[in-house]
Amino acid sequence: MISQDVVNRIIRFQGGRFPVISMYVGIGPDKSAPSQVASLLHQIKPLSEDMALEHDVRLSVRADMQRIDELAHEERLQPGGLGIFASGGNGLFEQVSLPRPVRDRIVVDATPWVRPMLAVLDEYHRMCVVLVDKAWAQVWELYLGEMREVTQIKDPALRKPNFAAGRAEYRVRNKADELSKHHYRRVGSVLDELLRTEGFDVVALGGHPHEMTAVTGFLSRDVASRVAGTFTVDPDTATAADIRRSAEAIMERYERQEEQRLVDEIFEAVAEGRPAATGLEPCLWAGSVAAVQQLVIDEGTAVPGVVCDESGWLGTTGRQCPLCGQPTRETPDVLDELAEFVIEEGGAVEHVADNSQLRPHRVAAALRFPLPPRP
C-alpha cells in the first residue's frame with residue numbers, strides 16, 4: 001500500500017551529485033516486466049560508462065541499474081503500474097505500485113521525476129473513515145483499496161450512572177454531557193490535525209445516528225466540507241469488514257459524483273461558449289497547443305494515432321507533422337499520449353467510468369484559452 005510518507009519522501013528527495021533514476025513500467029497480464037525493464041535500462045547504459053562522471057557516480061548508477069534489474073526478475077509484479085526511484089549513492093531505493101498501467105519510460109536527473117506517479121495517484125481519493133461513539137473513536141485510512149488503522153481516541157465516560165431525582169440527576173446528566181462534548185471536541189481536533197498531516201480528500205462517519213450528528217458539530221469547516229457520507233453501525237458489534245464495505249460504498253458514490261461533476265462542467269462550458277472541447281480531434285489539437293487544464297477520458301477507450309516528438313502535435317493519422325514537417329511516430333493509444341502531454345503541461349487528467357454523456361465523445365477538456373485554428 002502506498003503511504004503518504006513514502007510519497008512525500010520521494011517528492012522531497014534531493015540527489016545532490018549522485019543522480020536519481022526514475023523508471024515507470026506498465027505491467028499488463030500479457031507483458032514481461034524483465035524485458036521491459038531491460039529495454040529501459042539499456043537507454044541509460046551509456047551514462048554508467050561515461051568517463052566524464054566521477055568514478056563513484058558511475059558506480060552508483062551501475063548499482064542502481066543492477067538492483068532494478070534484479071527487482072524485475074525476483075518480484076511477482078501485479079498488473080498495473082510500477083514506479084521505481086533509485087540513487088544508490090544517496091541510499092534511495094523506493095518502489096511504488098500504481099493502480100493502473102503507465103507508459104514505460106526512464107529519466108535520470110538530480111531529483112525524482114514524480115509527475116507521472118502523482119498524476120495516477122491524483123485520480124484516487126484518500127478517505128478518512130471514522131467510527132465514533134460517546135467516549136471512543138477509531139480512525140482508518142482507505143486508499144487504493146486498502147484500509148489501515150490510523151489512531152484510536154479514548155476518553156472518560158460515566159458508566160451506567162444511577163440517576164437520582166432532582167438536582168442529583170441533573171448533575172449526573174450534566175457531567176455525562178460535558179464528558180461527551182469533550183470527547184467529540186477531541187475527535188474534531190484529531191481529524192483536523194490528520195487533515196493537515198495526512199492530506200485526506202474525503203471523510204466517512206460511522207456509528208449511531210445521534211452520535212454522528214453530535215460529533216459533526218465539532219468538526220472544523222475544512223473537515224466538515226469533506227464529509228462524503230455516513231453509515232449507521234453499532235460500534236460495539238461492527239466488524240472491520242462491515243466498516244470497510246460501508247466506507248467503500250460511500251467512496252464509490254463520491255467518485256462517480258465527482259466524475260459526473262467534471263463532465264457536466266465541461267459540457268456546460270461548451271454550451272455557453274467558454275473555452276472547452278469535446279471529441280477526439282478538438283481535444284488532440286488542444287493537447288498539441290498545451291491548452292488543456294482538465295481532461296476527462298472515457299475509461300478503457302484506446303485510439304491508435306500519431307505523435308510528433310519534435311513539436312508535440314497529436315493526431316489520428318499522418319506521416320508528417322503539419323506544424324514542423326518532421327516524421328510522426330505511430331502510437332497504439334493517442335489518448336494515453338494526450339494524457340501524458342496534459343500532465344507534463346501542469347493539467348489534470350481524470351479517467352471516467354460508465355458515463356453516458358462522455359462515452360460518445362470519448363474525451364472532453366476544459367481549456368486554459370480558446371483554441372487557435374487547426375492546421
Side-chain angles (χ1 to χ4, degrees), residues 1-27 33-75 77 80-124 126 141 143-144 194 196-200 290 309 312 339-349:
M1 180 177 179
I2 306 170
S3 72
Q4 191 63 41
D5 286 344
V6 170
V7 173
N8 289 341
R9 188 161 62 243
I10 295 171
I11 291 172
R12 296 166 183 164
F13 184 82
Q14 298 290 328
R17 68 187 191 89
F18 291 102
V20 180
I21 298 175
S22 301
M23 176 187 288
Y24 293 90
V25 182
I27 304 168
S35 63
Q36 292 170 256
V37 169
S39 177
L40 290 169
L41 291 176
H42 182 73
Q43 297 178 26
I44 65 169
K45 185 177 179 181
L47 185 65
S48 68
E49 301 169 349
D50 187 352
M51 298 305 293
L53 298 177
E54 296 178 61
H55 180 66
D56 58 347
V57 173
R58 296 199 304 274
L59 290 180
S60 175
V61 173
R62 292 173 192 169
D64 291 339
M65 293 174 62
Q66 181 177 350
R67 190 170 180 183
I68 292 170
D69 185 64
E70 291 172 351
L71 171 69
H73 283 85
E74 294 175 3
E75 289 280 336
L77 303 175
L82 178 66
I84 302 173
F85 307 91
S87 181
N90 291 298
L92 172 72
F93 193 87
E94 297 280 3
Q95 60 183 94
V96 176
S97 296
L98 300 172
R100 68 168 177 81
V102 292
R103 185 152 58 95
D104 294 355
R105 52 254 177 104
I106 189 168
V107 169
V108 181
D109 204 348
T111 59
W113 187 37
V114 297
R115 182 170 288 176
M117 175 183 70
L118 295 180
V120 172
L121 298 182
D122 281 349
E123 296 183 22
Y124 297 83
R126 193 181 299 272
E141 176 194 71
Y143 186 52
L144 300 177
L194 287 174
R196 290 193 295 270
T197 58
E198 301 289 332
F200 55 80
D309 292 321
E340 296 298 337
F341 277 32
V342 169
I343 291 164
E344 289 171 5
E345 294 297 331
V349 178

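Starting from 1, each residue takes its place in the sequence as its number.
Going from atom CG of Leu40 over to atom CG of Asp69 covers 11.5 Å, rounded to the nearest 0.5 Å. One distance of note links CD1 of Ile44 with CZ of Arg62; it measures 12.5 Å at 0.5 Å rounding. Atom CG of residue Asp64 and atom CD of residue Gln66 lie 10.5 Å apart, to the nearest 0.5 angstrom. Atom CG of Leu41 and atom OG of Ser48 lie 9.5 Å apart (nearest 0.5 Å). Here the straight-line distance linking atom CZ of Phe85 with atom CZ of Arg9 works out to 12.0 Å at 0.5 Å rounding. One finds the CE atom of Met65 at 6.5 Å from the CD1 atom of Ile21 (value rounded to the nearest 0.5 Å).
Between Val20 and Trp113, the closest side-chain pair of non-hydrogen atoms is not below 4.5 Å. By the 4.5 Å heavy-atom criterion applied to side chains, Leu121 and Leu144 are counted as neighbours. The closest side-chain heavy-atom distance from Arg17 to Asp56 is below 4.5 Å. Met51 places a side-chain heavy atom less than 4.5 Å from the side chain of Arg58. Using a 4.5 Å heavy-atom cutoff, the side chains of Phe18 and Val61 are not in contact. Side-chain contact check for Met117 versus Val7: some heavy-atom pair is nearer than 4.5 Å.
Ala72 approaches Pro34 most closely through the heavy-atom pair O-CG, 3.6 Å. Listed here is the closest heavy atom pair of Ala86 and Ile68: CB-CD1, 4.3 Å. Pairing each heavy atom of Asp104 with each of Val25, the nearest pair is OD1-CA, 3.3 Å. Closest of all the heavy-atom pairs between Pro112 and Phe13 is CD-O, 3.4 Å.
Screening Ile106, Val108, Val107 for a side-chain contact (heavy atoms from CB on, under 4.5 Å) involving Met23 leaves a single residue, Ile106.
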Run the numbers on Leu82 and Tyr24 for side-chain contact (heavy atoms from CB on, under 4.5 Å), then give the verdict. CA-CA 6 Å; Leu82 178 66; Tyr24 293 90; over 6 Å; no
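Residue-environment remark: CZ (Arg12) stays at or below the threshold of 12 foreign heavy atoms within 6.0 Å.
Side-chain atoms of Ser87 come within 3.5 Å of backbone N or O of Pro19 as a donor-acceptor pair. Side-chain N or O atoms of Asp50 include one that pairs as donor or acceptor with a backbone N or O of Ala52 at under 3.5 Å. No donor-acceptor distance shorter than 3.5 angstrom exists from the side chain of Arg126 to the backbone of Tyr143, with no hydrogens or angles considered. Panel note: side chain Ser39, backbone Gln36; no donor-acceptor pair is recorded below 3.5 Å.
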